[in-house]
Asks: 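Sharing a structure here in structure tokens format.
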Amino acid sequence: MNAPWWSSLVRWLERPPARPPFDDLQPTVEWQVAGRCNYDCTYCIQSPARRVGAPEEGTARAIVAGLAALPGVWEIKMSGGEPFAFAGFSRWIIPDLIEKTSHNISFLTNFSAPLHILERVCELTGERLRITSASLHLEHTDPSAFLEKAAAYREARARHNPRSSFVVNAVLVPGRLEALGPVKEAVEAAGFCFFPQWMKVGAGLYPYSARELAQIRALTGDARDPAEVNRAPSYQGVWCEAGAWYFVVDQRGDAWSCRTAKRNAEPGDPAHLGNLADGTFRRRLQGAPCPFDICPCTVPANRGVIRHGGRFDEL
Ligand code: SF4
Ligand code: SF4
């Protein structure tokens, strides 16, 4: 049976808006490009069983086509697993994104990719590279070698992406807090921004001891601003445009309104926004009060997606 004549009119009237409702809101997608990672950090929030897989080329190209249909210029934050652990990432996903969309690109990476690959990505992305968030994992990485590569990468960015920025993430791992002090000093002495992240376990935060909390305070100065530290706070009840102007996509193209929504999703959950690769993706018409008791990623707060009308460090 044919759909009634008015159904296309209803769909048109219910289409998501073409412009964000706030001038300071940067529309953002986190694309978890590939599940696999070349590291196996003991504190990884993703279980080894889930940290697998990479997209078929056809799926990735269909996701890019879905992203190209978003209105305006979005920031596509590419993460994983480890995006660079999948060869297709730099070979055809980034070139496809650059060619077929007008969006900007950021990376969340463990920064283990060889320098020549990182330099090639600088060339490919040019003015559209925004933020490289490089996670320093002491279980796998020598900080001196990491900073040497970061300095060479800075030279490449100065040539190709002078408006881009670079930040060094470090998880506040119990037992390594003391070691992080000199690392922070070395990172800052090299001219880079150091971004500490409270450790997550399961659905919540690691229960640090009083001594560990004192060590964290010594390291972070008790910062609470999501531009300075990721404390994975609760924004429960605060208006959030996730699902409308921010969403998360996995390697199969499935989209969720945010990371926590994805983690908690049940089959048929409305936080599932459909699939970008098969054409069923639909953004929400608008945001809603946050229903969750943890917001594990600072991207929504730092892009103006979470709206609470005050200072985040007062929450
Ligand atoms: S590098 Fe990141 S994704 Fe890979 S194992 Fe470590 S924490 Fe997990
Ligand atoms: S505040 Fe964070 S956890 Fe809550 S809905 Fe928004 S993005 Fe998700």
Side-chain angles (χ1 to χ4, degrees), residues 22 25-30 32-54 77-86 89 107-113 133-141 146 168-173 176 197-201 203-206 226 230-248 250-251 255-265 269-273 283-284 286-309 312 315:
F22 307 100
L25 194 164
Q26 169 58 60
T28 304
V29 179
E30 179 180 335
Q32 299 171 344
V33 179
R36 75 170 64 137
C37 182
N38 54 329
Y39 287 177
D40 185 18
C41 306
T42 53
Y43 47 82
C44 184
I45 193 72
Q46 302 170 40
S47 68
R50 298 183 70 139
R51 218 186 304 130
V52 291
K77 180 161 186 178
M78 323 278 285
S79 68
E82 166 53 39
F84 286 95
F86 160 56
F89 180 60
F107 303 118
L108 173 60
T109 170
N110 63 25
F111 208 53
S112 60
S133 299
S135 300
L136 174 52
H137 296 291
L138 292 178
E139 288 181 358
H140 295 278
T141 315
F146 181 99
V168 179
N169 299 330
V171 179
L172 297 167
V173 183
R176 289 189 185 267
Q197 302 185 315
W198 286 43
M199 190 166 113
K200 274 94 62 182
V201 282
L205 281 174
Y206 177 83
N230 181 359
R231 294 175 66 120
S234 170
Y235 299 127
Q236 206 166 50
V238 175
W239 188 265
C240 178
E241 291 289 338
W245 293 103
Y246 168 83
F247 61 92
V248 174
D250 74 6
Q251 58 188 317
W256 283 268
S257 54
C258 73
R259 277 196 194 187
T260 314
K262 178 172 184 263
R263 174 169 280 270
N264 295 350
D269 196 305
H272 184 232
L273 306 176
R283 280 190 297 134
R284 288 181 178 161
Q286 61 173 8
C290 170
F292 304 114
D293 58 10
I294 184 170
C295 189
C297 172
T298 51
V299 168
N302 289 332
R303 304 304 189 278
V305 174
I306 302 169
R307 317 294 308 184
H308 68 95
F312 278 102
L315 282 175

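Remember, it's a predicted structure, so these values are computed and weren't measured experimentally. When a ligand or atom number is given, it counts from 1 through the structure's own listing order.
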Asks: Flag the pair Cys240 / Arg307 as yes when at least one side-chain heavy-atom distance between them is below 4.5 Å, and no otherwise.
Replies: no
Asks: Applying ring-ring contact (aromatic ring centres under 6.0 Å, His included), name anything that partners Tyr246, two or more places apart in sequence or on another chain.
Replies: none
Asks: Tell me which part of His137 gets within contact of ligand 1: side chain, backbone, both or neither, using heavy atoms under 4.0 Å.
Replies: side chain
Asks: For the ring pair Phe107 and Phe84, is the centre-to-centre distance below 6.0 Å?
Replies: yes
Asks: Using a strict cut-off of 4.0 Å, indicate which atoms of ligand 1 neighbour a heavy atom of Tyr39.
Replies: 1 (S), 5 (S)
Asks: What pairs with Tyr39 under ring-ring contact (aromatic ring centres under 6.0 Å, His included), at least two apart in sequence or on another chain?
Replies: His140
Asks: What donor-acceptor contacts under 3.5 angstrom involve side-chain atoms of residues 288-297, with partners at least two apart or in another chain?
Replies:
none

Asks: Under 4.0 Å, heavy atoms only, figure out whether ligand 1 is touched by the backbone of Cys37, its side chain, both or neither.
Replies: side chain
Asks: Of all the heavy-atom pairs spanning Ala242 and Ser257, show the shortest one and how long it is.
Replies: CB-O, 3.3 Å
Asks: Just wondering, do Asn169 and Leu108 contact through their side chains at under 4.5 Å, heavy atoms?
Replies: yes
Asks: What are the protein N/O/S atoms, named by residue and atom, that sit under 2.8 Å from atom 4 (Fe) of ligand 2?
Replies: Cys290 SG
Asks: Indicate yes or no: at least one non-hydrogen side-chain atom of Thr42 is less than 4.5 angstrom from one of Glu139.
Replies: yes
Asks: Counting from 1, what ligand 1 atoms have a heavy atom of Asn110 closer than 4.0 Å?
Replies: 1 (S)
Asks: At a 4.0 Å threshold, what atoms of ligand 2 neighbour a non-hydrogen atom of Ile294?
Replies: 3 (S)
Asks: Which atoms of ligand 1 sit under 4.0 Å from any heavy atom of Cys44?
Replies: 3 (S), 5 (S), 7 (S), 8 (Fe)
Asks: Does any part of the side chain of Val168, heavy atoms only, come nearer than 4.5 Å to the side chain of Phe146, both counted from C-beta?
Replies: yes
Asks: Return the residue, atom name and 0.1 Å-rounded distance of the protein heavy atom closest to atom 5 (S) of ligand 1.
Replies: Cys41 N, 3.3 Å
